[in-house]
Peer 1: 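Structure incoming, see below.
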Amino acid sequence: MNNKQNRSDHRIYDWIRSRIDAGVWSPGEKLPSTRALAADLGVSRSTVVVIYEQLAAEGYIKTAVGARARVSNGLQTRQVPPHAMRQAPKQTRTLSAYGERMGALAFAQRPVSDPHQINFLYGAIAEEDFPTLAWRRLYNRALVDKQHLLYYGASEGEASLREALQSYLMRARGLQCTSDQILIVQGTQQALDLCAKVLVDPGDPVVMEEPCYLMARRTFESIGAKIMATPVDEQGLDSSALPSTPCTLAYVTPSHQFPLGSVMSISRRQALLAWAQRQSSWIIEDDYDSEFRYGLRPVDPLQSLDTHACVIYIGTFSKALSPQLRLGYLVLPPALVTPFRQAKQLADRHSPMLEQAILAELIRSGAYERHVRRLKRENDRRRSALLQAISAHLGLRARVEGADSGLHVVVWFKDIPMDSEHEVVAKAKESGVGIWPVSPLFAEGSKFRKARCAGFVLGYASLKKSAIDKGIGLLADVMQPYFAKAAPLQN
């Protein structure tokens with residue numbers, strides 16, 4: 001049957017249903033014979049027979065051999081006045097407290113990808129940086145591997161990947177763990193969601209850096225946590241500002257504070273661990289882009305200093321491979337392994353098995369580490385191009401923060417008031433440049449904000465060096481009217 005015929009059958013079905021629903025044909029009433037209705041509608045009798053059979057299977061009508069079909073007895077009709085059809089029905093059903101909180105939270109809109117725009121979008125990766133040939137070769141191999149049967153995988157992740165990861169984390173990050181402590185998840189966001197659900201009750205106090213990763217804050221707000229915004233400076237989280245009252249957990253980015261880029265000093269790391277021990281608190285260490293530290297060795301993770309098994313370590317493959325893979329991992333203290341595995345099983349059974357098998361072989365063969373080294377060199381070149389372009393086009397009007405590592409920087413403009421950020425973003429977009437305001441990352445507004453001027457997060461991992469220079473040049477043109485109003489620069 002072709003699509004045109006299908007559409008015709010659906011219209012006839014809907015027409016009959018609407019008459020039954022509206023009570024035009026009431027319960028117990030005989031329907032027109034299949035022959036008569038087919039003649040009235042100008043269709044074949046077999047079409048009406050099939051539609052009557054469908055309505056009978058759904059319980060709307062009763063059919064019998066040698067008798068006309070009847071509308072089923074006891075069927076409730078919907079006789080709605082015409083004027084009421086134009087009004088939205090009043091919602092009397094309720095949401096859970098979680099649903100109410102979700103509806104009240106403000107989320108950033110997903111950026112619209114425009115190939116003609118030079119987009120300094122943080123979290124985006126250049127398509128050519130993905131190891132396509134190696135991935136395709138391993139994908140084809142994994143796809144044809146014979147399995148005894150197709151069934152669900154282990155909620156904690158495939159053993160091959162967890163074992164490969166355990167060895168890699170020891171080599172690359174000095175992280176001590178067993179493969180049993182590793183839980184494979186669908187990216188950092190699922191890791192945070194599991195932490196919130198397993199560890200936090202509504203009303204529990206949760207320490208978060210100020211400013212911080214917005215989606216992390218939203219995750220804990222959605223569960224009903226009481227957010228304890230704690231300031232950061234050039235040495236990371238200010239440990240002297242930690243609450244003296246008990247807190248369920250602290251969420252930190254010690255190796256590269258997001259978004260400002262500072263590294264937590266060893267004295268503050270030790271102070272944070274001591275605080276967690278005193279308060280019986282958990283610490284979530286989000287190590288989101290530690291592979292990309294330029295000119296310096298990677299900073300040892302907080303987890304490697306933990307002697308009381310209170311640090312939950314989160315890692316991701318979104319920066320080194322692709323955010324579209326949705327693959328990440330948790331390294332859990334032994335006491336949390338069972339509840340997290342079971343929470344993961346309830347959430348989605350397990351992460352995709354085929355991608356896990358590919359990634360395990362990529363790591364085991366050494367190809368992943370070679371890829372990361374190449375990617376680090378390429379992003380270092382992009383970073384240098386960005387810093388040079390800012391210096392050439394914006395000069396002393398701009399101050400760059402957090403350029404030593406990662407895949408983004410924050411640029412402050414002392415001549416532009418912070419309440420003009422969204423206006424500048426809109427004007428930059430009109431000029432074909434995408435930039436992102438820093439203000440939404442501050443939960444407390446200007447309370448802990450040291451730079452009382454406009455600031456923007458600029459990612460560079462998805463851009464060519466030529467596009468970076470051109471984009472900063474266009475951005476400088478956008479900024480000129482603001483600079484013209486400011487006081488002249490002093491030499």
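Position 1 is the first residue of the sequence, and the numbers go up from there. Everything quoted here is computed from the prediction, not taken from an experiment.
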Peer 1: Could you work out, with side chain to side chain contact (heavy atoms under 4.5 Å, CB included) as the rule, every residue matching Ser391, not counting sequence neighbours?
Peer 2: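 Checked Ser391 against side chain to side chain contact (heavy atoms under 4.5 Å, CB included); zero matches.
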
Peer 1: What residues form a side chain to side chain contact (heavy atoms under 4.5 Å, CB included) with Ala398, not counting sequence neighbours?
Peer 2: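 Partners of Ala398 under the side chain to side chain contact (heavy atoms under 4.5 Å, CB included) test: Ile390, Leu394, Val411, Phe413.
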
Peer 1: Kindly state each residue pair satisfying ring-ring contact (aromatic ring centres under 6.0 Å, His included) with at least one member in residues 366-391, sequence neighbours excluded.
Peer 2: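 Listed once each, the pairs are Tyr168-Tyr368, Phe317-Tyr368.
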
Peer 1: Is the ring pair His256/Tyr288 parallel, tilted or perpendicular, if the boundaries are 30 and 60 degrees?
Peer 2: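 Geometry flag for Tyr288 against His256: parallel rings.
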
Peer 1: Enumerate, atom names and distances included, each donor-acceptor pair closer than 3.5 Å involving a side-chain atom of residues 448-461, sequence neighbours excluded.
Peer 2:
| residue | atom | partner | partner atom | Å |
| --- | --- | --- | --- | --- |
| Arg449 | NE | Ala451 | O | 3.0 |
| Arg449 | NH1 | Ser439 | OG | 2.7 |
| Arg449 | NH2 | Glu421 | OE2 | 2.8 |
| Arg449 | NH2 | Cys453 | O | 2.8 |
| Arg452 | NE | Arg449 | O | 2.6 |
| Arg452 | NH2 | Ser446 | O | 2.8 |
| Tyr460 | OH | Gly406 | O | 2.9 |

Peer 1: Residues in side chain to side chain contact (heavy atoms under 4.5 Å, CB included) with Pro246, at least two apart?
Peer 2: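 So Pro246 forms a side chain to side chain contact (heavy atoms under 4.5 Å, CB included) with Gln279.
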
Peer 1: Could I get the full list of ring pair (Phe, Tyr, Trp, His ring centres under 6.0 Å) partners for Trp412, not counting sequence neighbours?
Peer 2: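 Scan of Trp412 (ring pair (Phe, Tyr, Trp, His ring centres under 6.0 Å), adjacent residues dropped) gives none.
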
Peer 1: Could you name each residue pair satisfying side chain to side chain donor-acceptor pair (under 3.5 Å) that touches residues 231-249, not counting sequence neighbours?
Peer 2: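 As it turns out, the side chain to side chain donor-acceptor pair (under 3.5 Å) pairs with a partner in residues 231-249, which skip direct neighbours, are Asp204-Thr248, Asp233-Arg268, Gln235-Ser265, Asp238-Ser240.
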
Peer 1: Filter on side chain to side chain donor-acceptor pair (under 3.5 Å), then keep only pairs touching residues 145-164, sequence neighbours left out; what's left?
Peer 2: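 Non-adjacent pairs meeting side chain to side chain donor-acceptor pair (under 3.5 Å): zero.
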
Peer 1: Scan for side chain to side chain donor-acceptor pair (under 3.5 Å) pairs involving residues 314-337, sequence neighbours excluded, and state none if there are none.
Peer 2: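 The answer is Thr316-Ser318.
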
Peer 1: Just jot down the ring pair (Phe, Tyr, Trp, His ring centres under 6.0 Å) partners of Phe442, sequence neighbours excluded, or say none.
Peer 2: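 If we apply the ring pair (Phe, Tyr, Trp, His ring centres under 6.0 Å) test to Phe442, skipping adjacent residues, there are no hits.
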
Peer 1: List the atom pairs, donor and acceptor, that lie under 3.5 Å between side-chain atoms in residues 184-193 and the rest of the protein, sequence neighbours left out.
Peer 2:
| residue | atom | partner | partner atom | Å |
| --- | --- | --- | --- | --- |
| Gln186 | NE2 | Asp348 | OD2 | 2.8 |
| Gln189 | OE1 | Tyr213 | OH | 3.4 |
| Gln189 | NE2 | Met215 | O | 3.4 |
| Gln189 | NE2 | Thr219 | OG1 | 2.7 |
| Gln190 | OE1 | Gln186 | N | 2.8 |
| Gln190 | OE1 | Lys344 | NZ | 2.8 |
| Gln190 | NE2 | Asp348 | OD2 | 3.1 |
| Asp193 | OD2 | Lys197 | NZ | 3.0 |

Peer 1: Can you name the side chain to side chain contact (heavy atoms under 4.5 Å, CB included) partners of Pro298, sequence neighbours left out?
Peer 2: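 Partners of Pro298 under the side chain to side chain contact (heavy atoms under 4.5 Å, CB included) test: Arg173.
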
